[in-house]
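Notes follow once the structure below has been shown.
Atoms considered below: every heavy atom in the structure, side chains included; atoms not considered: hydrogens, waters and symmetry mates. A note on names: the letters A, B, ... follow the listed sequences, proteins ahead of strands, and every chain is numbered from 1.
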Number of protein chains: 2
Amino acid sequence: MTAYCSFGNRSHLSLHLPAFANLTEADREILDTVLNRRVRVLPPRHDIIREGDRPGHVCFILDGWAQRYKQLADGRRQILSFFVAGDLCDANVFIPCAMDHSLSTITQVQLAEVAKPDLRELAEAIPRVGEALRRTEQVAIAIQREWTTSIGQRTAYERIAHLFCEMFMRLRDGGATQGDTCDFPLTQSDIADATGLTQVHVNRTIQEMRRDGLIELRNRQLTMHDLDRLMAVALFNPHYLHLDPAESQHQPV
Amino acid sequence: MTAYCSFGNRSHLSLHLPAFANLTEADREILDTVLNRRVRVLPPRHDIIREGDRPGHVCFILDGWAQRYKQLADGRRQILSFFVAGDLCDANVFIPCAMDHSLSTITQVQLAEVAKPDLRELAEAIPRVGEALRRTEQVAIAIQREWTTSIGQRTAYERIAHLFCEMFMRLRDGGATQGDTCDFPLTQSDIADATGLTQVHVNRTIQEMRRDGLIELRNRQLTMHDLDRLMAVALFNPHYLHLDPAESQHQPV
DNA sequence: CGGCGAGTTGAGAGCAATCAAACCTAGTGG
DNA sequence: CCACTAGGTTTGATTGCTCTCAACTCGCCG
(Lines give C-alpha, C1' and ligand atoms only; values in the text may rest on other atoms or scores of the structure.)
Protein backbone atom coordinates (compact mmCIF):
# COMPACT_ATOMS: atom_id res chain seq x y z
CA MET A 1 0.00 0.00 0.00
CA THR A 2 2.89 2.32 0.67
CA ALA A 3 5.70 3.25 -1.65
CA TYR A 4 8.93 4.90 -0.67
CA CYS A 5 10.78 6.81 -3.29
CA SER A 6 12.86 9.85 -4.00
CA PHE A 7 11.95 12.49 -6.54
CA GLY A 8 14.87 14.14 -8.26
CA ASN A 9 12.55 16.44 -10.11
CA ARG A 10 11.06 17.88 -6.98
CA SER A 11 14.05 19.94 -6.01
CA HIS A 12 13.33 23.21 -4.27
CA LEU A 13 10.11 21.94 -2.91
CA SER A 14 10.36 24.57 -0.26
CA LEU A 15 10.04 27.23 -2.92
CA HIS A 16 6.40 26.34 -2.96
CA LEU A 17 5.99 27.05 0.71
CA PRO A 18 5.31 30.73 1.02
CA ALA A 19 6.26 30.48 4.64
CA PHE A 20 9.80 29.72 3.60
CA ALA A 21 9.92 32.55 1.12
CA ASN A 22 12.76 34.36 2.73
CA LEU A 23 15.22 31.54 3.21
CA THR A 24 18.58 31.67 1.53
CA GLU A 25 19.43 29.28 -1.27
CA ALA A 26 21.73 27.35 1.03
CA ASP A 27 19.12 26.99 3.74
CA ARG A 28 16.58 25.91 1.22
CA GLU A 29 18.80 23.14 0.00
CA ILE A 30 19.30 21.81 3.50
CA LEU A 31 15.56 21.89 4.00
CA ASP A 32 14.99 20.05 0.75
CA THR A 33 17.45 17.41 1.78
CA VAL A 34 15.62 16.78 5.02
CA LEU A 35 12.28 16.69 3.28
CA ASN A 36 13.52 14.25 0.69
CA ARG A 37 14.88 11.83 3.23
CA ARG A 38 11.68 9.86 3.47
CA VAL A 39 8.99 10.43 0.93
CA ARG A 40 5.87 8.26 0.74
CA VAL A 41 2.99 8.00 -1.66
CA LEU A 42 -0.32 7.01 -0.12
CA PRO A 43 -3.48 5.97 -1.96
CA PRO A 44 -6.72 7.94 -1.65
CA ARG A 45 -8.83 7.54 1.47
CA HIS A 46 -6.03 6.06 3.51
CA ASP A 47 -5.20 6.78 7.14
CA ILE A 48 -1.93 8.58 7.76
CA ILE A 49 -2.08 8.80 11.54
CA ARG A 50 -4.84 7.47 13.76
CA GLU A 51 -6.25 8.83 16.99
CA GLY A 52 -4.17 7.49 19.86
CA ASP A 53 -0.95 7.21 17.86
CA ARG A 54 2.20 8.90 19.04
CA PRO A 55 3.96 9.68 15.81
CA GLY A 56 7.67 10.36 15.93
CA HIS A 57 7.54 12.45 12.80
CA VAL A 58 5.58 15.23 11.17
CA CYS A 59 4.22 15.13 7.62
CA PHE A 60 4.69 17.67 4.89
CA ILE A 61 2.15 17.33 2.14
CA LEU A 62 4.02 17.49 -1.15
CA ASP A 63 1.09 16.73 -3.39
CA GLY A 64 -2.59 15.86 -3.07
CA TRP A 65 -5.23 16.60 -0.44
CA ALA A 66 -5.47 15.23 3.09
CA GLN A 67 -7.71 15.89 6.07
CA ARG A 68 -7.72 16.01 9.82
CA TYR A 69 -10.85 14.59 11.41
CA LYS A 70 -12.36 13.54 14.65
CA GLN A 71 -14.91 10.84 15.27
CA LEU A 72 -17.45 10.72 18.08
CA ALA A 73 -18.12 7.50 19.95
CA ASP A 74 -21.29 6.91 17.94
CA GLY A 75 -19.63 7.39 14.57
CA ARG A 76 -20.47 10.99 13.77
CA ARG A 77 -17.49 12.51 12.01
CA GLN A 78 -16.19 16.04 11.85
CA ILE A 79 -13.49 17.09 9.43
CA LEU A 80 -11.34 19.64 11.21
CA SER A 81 -9.16 20.85 8.38
CA PHE A 82 -7.87 20.11 4.94
CA PHE A 83 -4.24 19.92 3.92
CA VAL A 84 -2.91 20.68 0.47
CA ALA A 85 0.55 20.81 -1.08
CA GLY A 86 2.88 22.81 1.09
CA ASP A 87 0.98 22.20 4.30
CA LEU A 88 2.47 20.75 7.42
CA CYS A 89 0.32 18.30 9.34
CA ASP A 90 0.64 18.81 13.03
CA ALA A 91 3.74 20.87 13.57
CA ASN A 92 3.76 19.84 17.19
CA VAL A 93 7.45 19.08 17.12
CA PHE A 94 8.17 19.55 20.78
CA ILE A 95 5.47 17.95 22.85
CA PRO A 96 5.11 14.25 22.35
CA CYS A 97 1.57 13.25 23.11
CA ALA A 98 -1.09 10.95 21.78
CA MET A 99 -3.12 12.22 18.85
CA ASP A 100 -6.64 13.22 19.82
CA HIS A 101 -7.72 13.01 16.18
CA SER A 102 -6.80 11.31 12.93
CA LEU A 103 -5.21 12.26 9.64
CA SER A 104 -6.06 10.62 6.36
CA THR A 105 -5.64 11.19 2.66
CA ILE A 106 -8.43 12.34 0.39
CA THR A 107 -6.68 11.96 -2.94
CA GLN A 108 -3.47 10.11 -3.55
CA VAL A 109 -0.94 11.98 -1.48
CA GLN A 110 2.78 12.36 -1.72
CA LEU A 111 4.21 13.31 1.62
CA ALA A 112 7.53 13.81 3.31
CA GLU A 113 7.93 12.37 6.76
CA VAL A 114 10.41 14.25 8.88
CA ALA A 115 11.52 12.84 12.20
CA LYS A 116 10.64 15.28 14.93
CA PRO A 117 14.20 15.43 16.31
CA ASP A 118 15.49 16.24 12.83
CA LEU A 119 13.03 19.03 12.36
CA ARG A 120 13.75 20.34 15.82
CA GLU A 121 17.43 20.43 15.07
CA LEU A 122 16.80 22.10 11.78
CA ALA A 123 14.59 24.69 13.41
CA GLU A 124 17.28 25.46 15.93
CA ALA A 125 20.07 25.55 13.38
CA ILE A 126 18.20 27.82 10.97
CA PRO A 127 16.12 30.30 12.90
CA ARG A 128 14.06 31.20 9.86
CA VAL A 129 12.94 27.59 9.56
CA GLY A 130 11.82 27.57 13.15
CA GLU A 131 9.98 30.79 12.58
CA ALA A 132 8.35 29.41 9.46
CA LEU A 133 7.17 26.35 11.38
CA ARG A 134 5.69 28.46 14.11
CA ARG A 135 4.01 30.73 11.60
CA THR A 136 2.56 27.76 9.77
CA GLU A 137 1.21 26.46 13.05
CA GLN A 138 -0.29 29.83 13.92
CA VAL A 139 -2.09 29.90 10.60
CA ALA A 140 -3.45 26.41 11.21
CA ILE A 141 -4.83 27.55 14.55
CA ALA A 142 -6.34 30.66 13.01
CA ILE A 143 -8.04 28.48 10.41
CA GLN A 144 -9.40 26.24 13.13
CA ARG A 145 -10.88 29.26 14.88
CA GLU A 146 -12.43 30.47 11.67
CA TRP A 147 -14.00 27.05 11.11
CA THR A 148 -15.51 27.13 14.58
CA THR A 149 -16.95 30.53 13.78
CA SER A 150 -18.17 29.35 10.42
CA ILE A 151 -20.00 26.32 11.72
CA GLY A 152 -21.32 28.21 14.71
CA GLN A 153 -22.58 31.32 12.96
CA ARG A 154 -22.82 30.99 9.21
CA THR A 155 -25.73 29.53 7.28
CA ALA A 156 -25.25 26.50 5.06
CA TYR A 157 -24.84 28.69 1.99
CA GLU A 158 -22.32 30.92 3.73
CA ARG A 159 -20.38 28.00 5.18
CA ILE A 160 -19.88 26.31 1.85
CA ALA A 161 -19.05 29.61 0.17
CA HIS A 162 -16.54 30.28 2.91
CA LEU A 163 -14.90 26.90 2.45
CA PHE A 164 -14.61 27.50 -1.28
CA CYS A 165 -13.04 30.90 -0.69
CA GLU A 166 -10.59 29.60 1.86
CA MET A 167 -9.40 26.66 -0.16
CA PHE A 168 -9.16 28.71 -3.33
CA MET A 169 -7.08 31.37 -1.62
CA ARG A 170 -4.80 28.80 -0.03
CA LEU A 171 -4.33 26.98 -3.30
CA ARG A 172 -3.69 30.21 -5.14
CA ASP A 173 -1.12 31.16 -2.54
CA GLY A 174 0.61 27.86 -3.25
CA GLY A 175 0.47 28.41 -6.98
CA ALA A 176 -2.05 25.62 -7.47
CA THR A 177 -4.75 27.56 -9.31
CA GLN A 178 -5.20 28.21 -13.01
CA GLY A 179 -6.93 31.52 -13.39
CA ASP A 180 -10.22 31.26 -11.51
CA THR A 181 -10.12 27.46 -11.48
CA CYS A 182 -8.55 24.90 -9.21
CA ASP A 183 -8.62 21.19 -8.51
CA PHE A 184 -11.18 20.41 -5.87
CA PRO A 185 -11.30 16.70 -5.09
CA LEU A 186 -13.74 16.85 -2.19
CA THR A 187 -16.98 14.94 -2.54
CA GLN A 188 -20.20 16.50 -1.34
CA SER A 189 -20.00 14.16 1.63
CA ASP A 190 -16.58 15.55 2.50
CA ILE A 191 -17.93 19.06 2.33
CA ALA A 192 -20.82 17.97 4.52
CA ASP A 193 -18.52 16.49 7.17
CA ALA A 194 -16.42 19.63 7.13
CA THR A 195 -19.28 22.07 7.43
CA GLY A 196 -21.52 20.16 9.80
CA LEU A 197 -24.24 19.70 7.19
CA THR A 198 -25.72 16.67 5.48
CA GLN A 199 -24.64 15.58 2.06
CA VAL A 200 -28.11 16.13 0.67
CA HIS A 201 -28.26 19.68 1.91
CA VAL A 202 -24.76 20.39 0.58
CA ASN A 203 -25.95 19.20 -2.81
CA ARG A 204 -28.95 21.49 -2.84
CA THR A 205 -26.94 24.44 -1.58
CA ILE A 206 -24.24 24.03 -4.21
CA GLN A 207 -26.90 23.87 -6.89
CA GLU A 208 -28.26 27.13 -5.61
CA MET A 209 -24.78 28.63 -5.69
CA ARG A 210 -24.41 27.48 -9.26
CA ARG A 211 -27.76 29.00 -10.21
CA ASP A 212 -26.60 32.24 -8.62
CA GLY A 213 -23.68 32.22 -11.04
CA LEU A 214 -21.09 32.19 -8.29
CA ILE A 215 -19.27 28.95 -8.93
CA GLU A 216 -19.06 25.86 -11.05
CA LEU A 217 -18.02 22.52 -9.57
CA ARG A 218 -17.78 19.58 -11.92
CA ASN A 219 -15.38 16.70 -12.31
CA ARG A 220 -13.43 17.75 -9.25
CA GLN A 221 -12.77 21.16 -10.73
CA LEU A 222 -13.90 24.31 -8.98
CA THR A 223 -14.34 27.53 -10.92
CA MET A 224 -14.91 30.80 -9.17
CA HIS A 225 -17.10 32.86 -11.45
CA ASP A 226 -17.26 35.82 -9.15
CA LEU A 227 -14.79 35.59 -6.31
CA ASP A 228 -15.60 39.03 -4.94
CA ARG A 229 -19.27 38.31 -4.69
CA LEU A 230 -18.62 34.89 -3.21
CA MET A 231 -16.36 36.42 -0.58
CA ALA A 232 -19.07 38.93 0.20
CA VAL A 233 -21.82 36.39 0.69
CA ALA A 234 -19.47 34.20 2.74
CA LEU A 235 -18.47 37.13 4.95
CA PHE A 236 -14.98 36.03 4.08
CA ASN A 237 -12.16 38.06 5.57
CA PRO A 238 -8.85 36.66 4.30
CA HIS A 239 -6.96 38.26 7.13
CA TYR A 240 -6.94 35.09 9.23
CA LEU A 241 -4.95 33.20 6.62
CA HIS A 242 -2.02 35.57 7.05
CA LEU A 243 -1.15 35.15 3.40
CA ASP A 244 0.33 38.58 3.01
CA PRO A 245 4.08 37.98 3.20
CA ALA A 246 4.74 41.55 4.26
CA GLU A 247 2.04 41.38 6.88
CA SER A 248 4.49 42.02 9.70
CA GLN A 249 4.88 45.54 8.38
CA HIS A 250 1.52 46.94 7.46
CA GLN A 251 -1.93 45.85 8.49
CA PRO A 252 -5.07 46.52 6.51
CA VAL A 253 -7.29 45.11 9.25
CA MET B 1 -11.09 51.38 34.53
CA THR B 2 -7.82 49.59 35.09
CA ALA B 3 -6.00 49.05 38.33
CA TYR B 4 -2.40 47.98 38.69
CA CYS B 5 -1.36 46.29 41.85
CA SER B 6 0.76 43.61 43.37
CA PHE B 7 -0.56 40.76 45.47
CA GLY B 8 1.73 39.54 48.17
CA ASN B 9 -0.68 36.82 49.12
CA ARG B 10 -0.63 35.28 45.71
CA SER B 11 2.79 33.76 45.98
CA HIS B 12 3.34 30.49 44.17
CA LEU B 13 0.69 31.27 41.66
CA SER B 14 2.34 28.81 39.35
CA LEU B 15 1.48 26.04 41.79
CA HIS B 16 -2.02 26.34 40.45
CA LEU B 17 -0.92 25.68 36.91
CA PRO B 18 -0.82 21.94 36.49
CA ALA B 19 1.33 22.50 33.46
CA PHE B 20 4.06 23.78 35.72
CA ALA B 21 3.70 20.95 38.16
CA ASN B 22 7.21 19.65 37.76
CA LEU B 23 9.16 22.85 38.16
CA THR B 24 11.65 23.20 40.96
CA GLU B 25 11.02 25.61 43.80
CA ALA B 26 13.65 27.96 42.44
CA ASP B 27 12.19 27.97 38.96
CA ARG B 28 8.77 28.55 40.34
CA GLU B 29 9.91 31.59 42.20
CA ILE B 30 11.44 33.10 39.10
CA LEU B 31 8.21 32.45 37.27
CA ASP B 32 6.19 34.04 40.01
CA THR B 33 8.39 37.09 39.91
CA VAL B 34 7.82 37.53 36.20
CA LEU B 35 4.09 37.03 36.59
CA ASN B 36 3.90 39.55 39.37
CA ARG B 37 5.70 42.24 37.44
CA ARG B 38 2.53 43.66 35.97
CA VAL B 39 -0.79 42.57 37.38
CA ARG B 40 -4.05 44.21 36.33
CA VAL B 41 -7.62 43.92 37.50
CA LEU B 42 -10.23 44.42 34.81
CA PRO B 43 -13.97 44.89 35.32
CA PRO B 44 -16.50 42.43 33.90
CA ARG B 45 -17.36 42.61 30.20
CA HIS B 46 -14.27 44.58 29.30
CA ASP B 47 -12.04 44.14 26.26
CA ILE B 48 -8.53 42.89 26.93
CA ILE B 49 -7.23 42.78 23.37
CA ARG B 50 -9.15 43.73 20.26
CA GLU B 51 -9.01 42.27 16.78
CA GLY B 52 -6.28 44.01 14.84
CA ASP B 53 -4.13 44.74 17.88
CA ARG B 54 -0.52 43.63 17.99
CA PRO B 55 0.01 43.02 21.68
CA GLY B 56 3.57 42.95 22.97
CA HIS B 57 2.60 40.76 25.87
CA VAL B 58 0.67 37.65 26.75
CA CYS B 59 -1.90 37.40 29.53
CA PHE B 60 -2.08 34.88 32.34
CA ILE B 61 -5.47 34.72 33.94
CA LEU B 62 -4.94 34.74 37.68
CA ASP B 63 -8.60 34.95 38.64
CA GLY B 64 -11.98 35.23 36.96
CA TRP B 65 -13.31 34.18 33.56
CA ALA B 66 -12.44 35.60 30.16
CA GLN B 67 -13.27 34.70 26.59
CA ARG B 68 -11.87 34.69 23.11
CA TYR B 69 -14.37 35.66 20.42
CA LYS B 70 -14.71 36.56 16.82
CA GLN B 71 -17.24 38.83 15.22
CA LEU B 72 -18.52 38.64 11.65
CA ALA B 73 -18.96 41.75 9.56
CA ASP B 74 -22.69 41.78 10.24
CA GLY B 75 -22.35 41.47 13.98
CA ARG B 76 -22.85 37.75 14.52
CA ARG B 77 -20.56 36.67 17.31
CA GLN B 78 -18.85 33.38 18.07
CA ILE B 79 -17.12 32.71 21.35
CA LEU B 80 -14.07 30.58 20.58
CA SER B 81 -12.93 29.66 24.06
CA PHE B 82 -13.16 30.48 27.70
CA PHE B 83 -10.25 31.20 29.98
CA VAL B 84 -10.19 30.56 33.70
CA ALA B 85 -7.59 30.93 36.42
CA GLY B 86 -4.32 29.41 35.33
CA ASP B 87 -4.96 29.81 31.61
CA LEU B 88 -2.68 31.57 29.25
CA CYS B 89 -4.32 33.71 26.59
CA ASP B 90 -2.57 33.38 23.31
CA ALA B 91 0.79 31.87 23.99
CA ASN B 92 1.97 33.01 20.61
CA VAL B 93 5.18 34.37 22.02
CA PHE B 94 7.27 34.12 18.91
CA ILE B 95 5.31 35.33 15.93
CA PRO B 96 4.21 38.90 16.16
CA CYS B 97 1.10 39.35 14.10
CA ALA B 98 -2.19 41.15 14.29
CA MET B 99 -4.93 39.49 16.30
CA ASP B 100 -7.64 37.95 14.13
CA HIS B 101 -10.01 37.87 17.10
CA SER B 102 -10.63 39.60 20.42
CA LEU B 103 -10.25 38.80 24.08
CA SER B 104 -12.50 40.17 26.78
CA THR B 105 -13.40 39.56 30.37
CA ILE B 106 -16.60 37.91 31.48
CA THR B 107 -16.30 38.45 35.22
CA GLN B 108 -13.89 40.75 36.93
CA VAL B 109 -10.50 39.40 35.98
CA GLN B 110 -7.13 39.61 37.61
CA LEU B 111 -4.43 39.00 35.05
CA ALA B 112 -0.68 39.09 34.73
CA GLU B 113 0.73 40.69 31.62
CA VAL B 114 4.09 39.32 30.63
CA ALA B 115 6.11 41.00 27.91
CA LYS B 116 6.71 38.54 25.12
CA PRO B 117 10.49 39.01 25.15
CA ASP B 118 10.52 38.31 28.88
CA LEU B 119 8.53 35.14 28.50
CA ARG B 120 10.66 34.08 25.57
CA GLU B 121 13.79 34.56 27.64
CA LEU B 122 12.28 32.70 30.52
CA ALA B 123 11.28 29.84 28.24
CA GLU B 124 14.79 29.61 26.92
CA ALA B 125 16.42 29.88 30.33
CA ILE B 126 14.18 27.28 31.96
CA PRO B 127 13.40 24.53 29.47
CA ARG B 128 10.54 23.23 31.55
CA VAL B 129 8.81 26.59 31.34
CA GLY B 130 9.10 26.54 27.57
CA GLU B 131 7.72 23.05 27.53
CA ALA B 132 4.87 24.05 29.79
CA LEU B 133 4.00 26.93 27.49
CA ARG B 134 3.98 24.70 24.46
CA ARG B 135 1.90 22.12 26.26
CA THR B 136 -0.60 24.75 27.33
CA GLU B 137 -0.80 25.93 23.76
CA GLN B 138 -1.34 22.39 22.50
CA VAL B 139 -4.21 21.92 24.90
CA ALA B 140 -5.77 25.17 23.72
CA ILE B 141 -5.61 23.93 20.15
CA ALA B 142 -7.08 20.57 21.10
CA ILE B 143 -9.94 22.37 22.81
CA GLN B 144 -10.53 24.45 19.72
CA ARG B 145 -10.75 21.28 17.64
CA GLU B 146 -13.18 19.75 20.08
CA TRP B 147 -15.36 22.85 19.91
CA THR B 148 -15.43 22.65 16.14
CA THR B 149 -16.51 19.04 16.46
CA SER B 150 -19.06 19.90 19.08
CA ILE B 151 -20.75 22.64 17.09
CA GLY B 152 -20.55 20.65 13.89
CA GLN B 153 -21.83 17.33 15.14
CA ARG B 154 -23.50 17.50 18.51
CA THR B 155 -27.13 18.42 19.16
CA ALA B 156 -28.00 21.42 21.31
CA TYR B 157 -28.41 19.23 24.38
CA GLU B 158 -25.11 17.47 23.77
CA ARG B 159 -23.24 20.70 23.06
CA ILE B 160 -24.31 22.34 26.28
CA ALA B 161 -23.65 19.18 28.24
CA HIS B 162 -20.22 19.00 26.66
CA LEU B 163 -19.43 22.58 27.59
CA PHE B 164 -20.47 21.91 31.18
CA CYS B 165 -18.26 18.82 31.31
CA GLU B 166 -15.27 20.58 29.83
CA MET B 167 -15.40 23.61 32.06
CA PHE B 168 -16.04 21.51 35.14
CA MET B 169 -13.06 19.27 34.41
CA ARG B 170 -10.81 22.22 33.71
CA LEU B 171 -11.88 23.98 36.85
CA ARG B 172 -11.47 20.84 38.89
CA ASP B 173 -8.00 20.40 37.48
CA GLY B 174 -7.21 23.91 38.68
CA GLY B 175 -8.64 23.22 42.12
CA ALA B 176 -11.57 25.55 41.54
CA THR B 177 -14.41 23.15 42.31
CA GLN B 178 -16.10 22.32 45.58
CA GLY B 179 -17.31 18.76 45.37
CA ASP B 180 -19.64 18.57 42.40
CA THR B 181 -20.15 22.33 42.32
CA CYS B 182 -18.27 25.18 40.71
CA ASP B 183 -18.68 28.85 39.93
CA PHE B 184 -20.16 29.29 36.52
CA PRO B 185 -20.56 32.96 35.63
CA LEU B 186 -21.71 32.52 32.04
CA THR B 187 -25.10 33.88 31.12
CA GLN B 188 -27.35 31.86 28.86
CA SER B 189 -26.44 34.30 26.10
CA ASP B 190 -22.76 33.51 26.60
CA ILE B 191 -23.50 29.82 26.36
CA ALA B 192 -25.50 30.52 23.22
CA ASP B 193 -22.66 32.42 21.57
CA ALA B 194 -20.23 29.66 22.47
CA THR B 195 -22.36 26.81 21.20
CA GLY B 196 -23.84 28.42 18.11
CA LEU B 197 -27.37 28.34 19.52
CA THR B 198 -29.83 31.04 20.48
CA GLN B 199 -30.31 32.18 24.03
CA VAL B 200 -33.92 31.04 24.01
CA HIS B 201 -33.00 27.56 22.93
CA VAL B 202 -30.21 27.37 25.48
CA ASN B 203 -32.74 28.26 28.11
CA ARG B 204 -35.12 25.51 27.12
CA THR B 205 -32.33 22.98 26.78
CA ILE B 206 -30.92 23.71 30.21
CA GLN B 207 -34.38 23.36 31.69
CA GLU B 208 -34.62 19.95 30.10
CA MET B 209 -31.22 19.03 31.51
CA ARG B 210 -32.41 20.10 34.93
CA ARG B 211 -35.59 18.06 34.61
CA ASP B 212 -33.41 15.10 33.66
CA GLY B 213 -31.64 15.48 36.99
CA LEU B 214 -28.25 16.04 35.41
CA ILE B 215 -27.34 19.50 36.58
CA GLU B 216 -28.41 22.50 38.52
CA LEU B 217 -27.46 26.01 37.44
CA ARG B 218 -28.57 28.87 39.62
CA ASN B 219 -26.98 32.08 40.80
CA ARG B 220 -23.88 31.46 38.74
CA GLN B 221 -23.32 28.14 40.46
CA LEU B 222 -23.19 24.92 38.49
CA THR B 223 -23.80 21.61 40.22
CA MET B 224 -23.14 18.34 38.47
CA HIS B 225 -25.66 15.90 39.85
CA ASP B 226 -24.49 13.01 37.75
CA LEU B 227 -21.20 13.73 36.02
CA ASP B 228 -20.89 10.28 34.56
CA ARG B 229 -24.28 10.39 32.94
CA LEU B 230 -23.67 13.92 31.69
CA MET B 231 -20.38 12.85 30.15
CA ALA B 232 -22.16 9.98 28.49
CA VAL B 233 -24.92 12.06 26.94
CA ALA B 234 -22.34 14.67 25.85
CA LEU B 235 -20.14 11.99 24.27
CA PHE B 236 -17.44 13.61 26.35
CA ASN B 237 -13.99 12.10 26.06
CA PRO B 238 -11.66 13.96 28.43
CA HIS B 239 -8.61 12.79 26.55
CA TYR B 240 -8.32 15.99 24.52
CA LEU B 241 -7.77 18.08 27.63
CA HIS B 242 -4.54 16.22 28.40
CA LEU B 243 -5.19 16.64 32.08
CA ASP B 244 -3.40 13.49 33.06
CA PRO B 245 0.00 14.70 34.26
CA ALA B 246 1.60 11.33 33.62
CA GLU B 247 0.10 11.13 30.18
CA SER B 248 3.49 11.08 28.50
CA GLN B 249 3.99 7.62 29.93
CA HIS B 250 0.82 5.60 29.58
CA GLN B 251 -2.13 6.14 27.31
CA PRO B 252 -5.63 4.84 28.00
CA VAL B 253 -6.86 5.97 24.58
C1' DC C 1 -40.43 53.62 41.71
C1' DG C 2 -38.47 52.88 37.27
C1' DG C 3 -35.21 50.59 34.68
C1' DC C 4 -32.18 47.08 33.46
C1' DG C 5 -30.14 42.53 32.91
C1' DA C 6 -31.16 37.90 33.01
C1' DG C 7 -34.23 34.21 32.70
C1' DT C 8 -38.76 32.18 31.20
C1' DT C 9 -42.68 31.17 28.30
C1' DG C 10 -45.61 30.91 23.98
C1' DA C 11 -46.71 30.66 19.13
C1' DG C 12 -45.28 30.23 14.65
C1' DA C 13 -41.90 29.90 10.88
C1' DG C 14 -38.01 28.02 8.51
C1' DC C 15 -33.67 25.92 7.72
C1' DA C 16 -31.71 21.75 7.49
C1' DA C 17 -32.25 16.71 8.54
C1' DT C 18 -34.17 12.33 7.36
C1' DC C 19 -35.70 8.74 4.47
C1' DA C 20 -35.97 6.88 0.05
C1' DA C 21 -35.27 6.32 -4.64
C1' DA C 22 -33.42 7.40 -9.10
C1' DC C 23 -29.68 8.80 -12.00
C1' DC C 24 -25.10 9.08 -13.85
C1' DT C 25 -20.52 7.84 -14.84
C1' DA C 26 -16.42 5.22 -14.77
C1' DG C 27 -14.45 1.00 -14.04
C1' DT C 28 -14.90 -4.27 -14.03
C1' DG C 29 -15.51 -8.57 -15.74
C1' DG C 30 -17.77 -11.92 -18.51
C1' DC D 1 -19.31 -5.08 -26.28
C1' DC D 2 -22.41 -4.95 -22.75
C1' DA D 3 -24.34 -6.14 -18.29
C1' DC D 4 -22.95 -5.13 -13.71
C1' DT D 5 -21.27 -2.59 -9.89
C1' DA D 6 -19.94 1.15 -6.90
C1' DG D 7 -19.33 5.77 -5.71
C1' DG D 8 -21.08 10.02 -6.25
C1' DT D 9 -24.86 13.19 -7.39
C1' DT D 10 -29.67 14.51 -7.82
C1' DT D 11 -34.52 14.70 -6.67
C1' DG D 12 -38.87 14.32 -3.85
C1' DA D 13 -41.57 14.16 0.27
C1' DT D 14 -41.74 14.73 4.97
C1' DT D 15 -40.20 15.66 9.59
C1' DG D 16 -38.28 18.24 13.27
C1' DC D 17 -34.87 20.83 15.62
C1' DT D 18 -33.88 25.32 16.30
C1' DC D 19 -34.84 30.16 15.30
C1' DT D 20 -37.57 34.33 15.47
C1' DC D 21 -40.47 37.48 17.55
C1' DA D 22 -42.72 38.92 21.46
C1' DA D 23 -44.18 39.34 25.96
C1' DC D 24 -43.74 38.57 30.74
C1' DT D 25 -41.35 37.62 35.30
C1' DC D 26 -37.97 38.31 38.73
C1' DG D 27 -34.28 40.42 41.37
C1' DC D 28 -31.35 44.19 41.88
C1' DC D 29 -29.94 48.88 42.01
C1' DG D 30 -29.84 53.88 41.60
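At a threshold of 4.0 angstrom between heavy atoms, the contacts of A:R220 are confined to the sugar-phosphate backbone, with no base atom among them. Within 4.0 Å of A:T205, counting heavy atoms only, lies no atom of the nucleic acid at all. Using a 4.0 Å heavy-atom criterion, one finds that B:R154 contacts no nucleic acid atom at all. Nucleic acid contact for B:Q199: base, since at least one base atom lies under 4.0 Å from a heavy atom of the residue. Counting any heavy atom pair closer than 4.0 Å across all strands shown, B:T187 reaches sugar-phosphate atoms only and no base atom.
C:dA16 atom C1' lies 15 Å from atom CD1 of A:I151, rounded to whole Å. B:R159 places its CZ atom 13 Å from the P atom of D:dC17, with the value rounded to the nearest Å.
Taking the six-membered ring for Trp and thresholds of 30 and 60 degrees, A:F82 and A:W65 have ring planes inclined between 30 and 60 degrees apart.
Nearest to the side-chain atoms of A:N203 among the listed nucleotides D:dT18, D:dA22, D:dT11 stands D:dT11.
A salt bridge does not link B:D212 to B:R229: none of the charged side-chain nitrogens sits closer than 4.0 Å to a carboxylate oxygen.
Heavy atoms from other residues, nucleotides or ligands lying under 6.0 Å from CZ of B:R50 number 12 at most.
With hydrogens and angles left out, the side chain of A:R204 and the base of D:dG12 share a donor-acceptor pair within 3.5 Å.
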